[in-house]
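Down below is the structure, laid out as structure tokens.
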Amino acid sequence: MSEAVPVVALRDVEKSFGAVRALRGAGLELHAGEAHALVGENGAGKSTLIKILAGLYRPDAGAIEIDGEPVDLHDPSAAIAAGIAVIYQEPALFGDLTVAENLFIGRQPRGRLGRIDRAAMDRDATALFERLGVLLEPDRPAKGLSIADQQLVEIAKAISLDARVLVMDEPTAALTSREVERLFDVVRALRAKGTAILFISHRFDEVEALCQRVTVMRDGAHVSTDPMGEVTVDELIRRMVGRELAAMFPRGEAAPGEVVLDVEGLASAERCRDVSFQVRAGEIVALAGLVGAGRSEVVQAVFGVAPREAGRVRVLGRDLPSGNPRAAMRAGVALVPEDRRQQGLLLDLSVMRNATLVRRGRLARFGFLTGAAEQREAAEWTGRLQAKYGRLTDPVATLSGGNQQKIVLAKWLATGPRLLIVDEPTRGIDVATKAEVHRLLSDLAADGVAVLMVSSELLEVLGMADRTLVMREGRLAGELPRADATEEAVMRLATGQTAEAR
Amino acid sequence: MTIPAPTRTPTGSTVLDLVLRFRALGLLLALAVLVGATASVNARFLSGQSVRDLLFAAAVTVLLACGMTTVVLTRGIDLSVGSTLGLAAYLTADAMSGGVPVPLAVLIGLLVGLACGAANGAIVHFGKVPPLVATLGTLYVFRGIVYFTAGGSRVNASDLPGGFLDFGNGTLLGVPYLFLIAAAVLAVVALFLRDYRSGRDLYALGSNPEAAALAGIPAGRRLMTAYALSGTLAGLGGVLYAARFGTVDASAGYGMELDIVAAVVVGGVAIFGGSGTVLGAALGALLLTVIDNALPVLSIPPFWQQAIVGALILAAIALDRLVALRAARALRKKGSHVG
């Protein structure tokens, strides 16, 4: 295989975003007829690499070769023309167009006078869906499709391109195991026809089931490429993390204290139902589950950002009113939201303003904020978290993702919370900072703070959580103590053991 | 507009069709009620002359509403249409009064509109200026150019070729030529938006710009097309304005842009892009024109007129929201996957 000219090759690709070096010497070779796994932690640069292949980003340095010839993929249509189709992690559909149009936008079958032949388009769509074994009406609008169905539309779209290279960025995150099997059958058929497949997944069982070779990335660089059979999963994880897991997840024995958070029968606008659990002082409880399982909705309803329809939430024995974040904050609850750029930070404001935002009342004297008090407070907390920034007055937008996250944490830790809720605390931040965030959470728990963590990263859940609550379709599917929490056990609960036909 | 197959599951295309049809039906119903009520007060409202006047007045609005729809579909807006119309009207009329042959003068009007639209598109796409701001700027710029060229002077009907004016005020079987032109443009734009790839791209761009980029839709070319079309139709509107009124000064089409935006919104084109049809927009334009003409007949004081149009816009938006919510609920169907 190494003799042949690869269909696509990336060589020594570099890409920076401001001060953040997302790729530094990344490389990859894809051959016709192989399924190639790309693994690495969140923030290792996989997504950037894919976006370069898709023509969304142009590399700062390095070369892209197709059939051995250097090419310039200057925009997505160039990548599509070069035969590269990408299924993205997050489906991006046109809600106002029909499902069939979503599949064929820009290349709809045409009849007389160049008019779109809708009947032919719907037929082609139906044929595609039959091949994938899914039931979707081609002429319904894409608006209102479930995440899984949206992902299926994206998959059908990519397959219909008859691409030479099919890139799949965690395509299975929202699918049932039955749908995954079906997808893999189609992918294997494509591979047999000579399509090169690049498969990104955090699920090693899927990687092993589908791929012949595996490439590991870490910190934006290529680590290794091996035939699948010649490397163990443990070895892959070790290479991905780049250090011992113990260093990555510094978690000692927890000594849970009093019940800090007590949730009973929580329900919130169609997103979660009948959710009951407790979090004690000094323990880290993880909420795991697939994308869209309702995890974020639970923590938002607990904190009061979203109103709850039923159930009660008690913090240290006191009832929290529904839909009132200020009351939650007064009761000692802090929420570090999932999307720090949208929800966690005011990007244009300074590091200092962001760090002291929720403490303004406490810091003000006679209703006026004094610069000195703000500065003192901000410097103290950002210093404790070892956040790296130029000056306290720099806008937060200039910091790297990891440091931005530290500012968000600093903001909330300054309130001295009894319950800290973190939603995807390490998404999109580099490995070193990630380890720091983990250590910080561990230390907080050791100090008696109750921590409720939502995370899509299984390694993080398994490494950090004293107990893991698994959600599926808005309900709690089960609870796993640390000793029983394995990748398989969590996934089994998250997907439902017998994936029912839909 | 597609005729829905009646026997479908409620999650199928019938929901979308129902929304669209419901919308068109609502507009037609409002039109019928208004016309009926007005006619019952004063039967002359349905006389040939009155209907003709209405169609004359509606022609230019419908024309511009078609252009505005293509822009609004892409999440844009074109506030410069009134000024573009004024500029095209003045330059066309001025050229004719200077002895330029009619076809050439008409071409000048169209090209002026095209140039204005292309300028808008370029500012929005290349300058990355929000459409609202960009076209607000060109609204003043284009109007300034008209004032600069026209000064205080105006072109009078007596300076224009008789044939041109005859055309502007003529009818075929009682229907004004101007309205026939507007109807023809409406049909072509409707076909373009419904049945051509580049037309569908406009919906895609407005529906989800990020996804459009991923799908390789040439956003720049499509935006240029939309704004150029809007400008050209405003230019054509200017020509028709000159033909209809004969007398053109620098204030032609002043303030018209808001009437057009109102027509488009009332006609069910989502102001955030991605959905709506030119047929709806044309019905909206027709409805607003009928209101304009009916209120004096009903002896409603003119200052109520604007309040009524305003209430109608708010009602249209509230209705859209309601219909969208209901449709979303229907489409979410069995809660197989939450979130």
Side-chain angles (χ1 to χ4, degrees), chain A residues 54-56 75-81 86 88 91-98 101-102 104-108 110-111 113-118 137-149 157 174 176 270-273 290-297 471-475 500 502, chain B residues 2 4-5 8-17 19-20 73 191-222 270 272-276 324-339:
Chain A
L56 278 172
D75 65 23
S77 51
I80 293 169
V86 184
Y88 297 94
L93 299 185
F94 306 108
D96 299 300
L97 302 187
T98 68
E101 273 201 293
N102 267 285
F104 297 111
I105 186 78
R107 51 199 180 87
Q108 298 97 327
R110 288 188 289 196
L113 301 172
R115 291 176 64 178
I116 293 169
D117 185 347
R118 283 207 158 65
E137 289 168 87
D139 57 353
R140 66 160 279 169
K143 207 174 263 177
L145 286 178
S146 70
I147 303 237
D149 287 343
K157 180 164 145 189
T176 66
E270 300 179 36
R271 299 308 185 88
C272 59
R273 283 182 300 276
L290 300 182
V291 174
R295 297 164 302 170
S296 296
E297 285 75 11
M471 290 195 67
R472 174 158 50 91
E473 295 179 5
R475 293 171 189 276
E500 69 276 48
R502 280 183 317 110
Chain B
T2 50
R8 273 294 186 80
T9 57
T11 58
S13 63
T14 44
V15 174
L16 182 68
D17 287 337
V19 172
L20 294 176
L73 281 179
L191 192 69
F192 163 72
L193 287 178
R194 202 192 63 178
D195 280 353
Y196 285 85
R197 285 180 184 175
S198 35
R200 301 314 292 172
D201 285 355
L202 296 181
Y203 283 89
L205 274 172
S207 191
N208 189 341
E210 292 83 23
L214 295 180
I217 289 172
R221 277 220 300 281
R222 297 296 178 257
F272 299 117
S275 86
L325 281 176
R326 281 172 161 269
R329 204 166 302 158
L331 283 171
R332 216 179 291 138
K333 57 175 180 180
K334 47 186 177 183
S336 58
H337 283 261
V338 183

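Nothing here was measured: the structure is a model prediction, and the numbers come from that model. Naming: A, B, ... by sequence-line order, numbering from 1 per chain.
Within a 6.0 Å radius of CZ in R107(A), other residues, nucleotides and ligands contribute more than 12 heavy atoms.
A pairwise comparison of heavy atoms in L97(A) and R200(B) identifies CD2-NH2, 3.6 Å as the closest pair. I80(A) and A215(B) get closest at one heavy-atom pair: CD1-O, 3.7 Å. Nearest heavy-atom pair across G216(B) and S77(A) is O-CB, 3.8 Å. Taking all atoms of both residues into account, the shortest heavy-atom contact from A211(B) to A92(A) is CB-O, 3.2 Å. Nearest heavy atom pair, residue G95(A) against residue S207(B), reads N-OG, 3.2 Å.
Side-chain N or O atoms of R197(B) include one that pairs as donor or acceptor with a backbone N or O of Q108(A) at under 3.5 Å.
At a 4.5 Å heavy-atom cutoff, F104(A) makes no contact with chain B through either its backbone or its side chain. With a 4.5 angstrom heavy-atom cutoff, A270(B) does not touch chain A via any of its atoms. For L93(A), the part lying near chain B is the backbone, with the side chain staying farther off; criterion is any non-hydrogen pair under 4.5 Å.
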Legend entry - side chain to side chain contact (heavy atoms under 4.5 Å, CB included) assessment of D96(A) paired with Y203(B): CA-CA 7 Å; D96(A) 299 300; Y203(B) 283 89; 5.6 Å; no

Inset, instruction - Using the side chain to side chain contact (heavy atoms under 4.5 Å, CB included) rule, take R118(A) and D195(B) through it: C-alpha gap first, then chi angles, then the decisive distance, then the call. - result: CA-CA 9 Å; R118(A) 283 207 158 65; D195(B) 280 353; 2.9 Å; yes

Inset, instruction - Take L214(B) and L56(A), measure what side chain to side chain contact (heavy atoms under 4.5 Å, CB included) needs, and give me the verdict at the end. - result: CA-CA 8 Å; L214(B) 295 180; L56(A) 278 172; 3.1 Å; yes

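In this structure, CG on L191(B) lies 8.5 Å from CG on L113(A), to the nearest 0.5 angstrom.
Ranked by heavy-atom pairs under 4.5 Å with chain B, the list E101(A), R115(A), K157(A) is led by R115(A).
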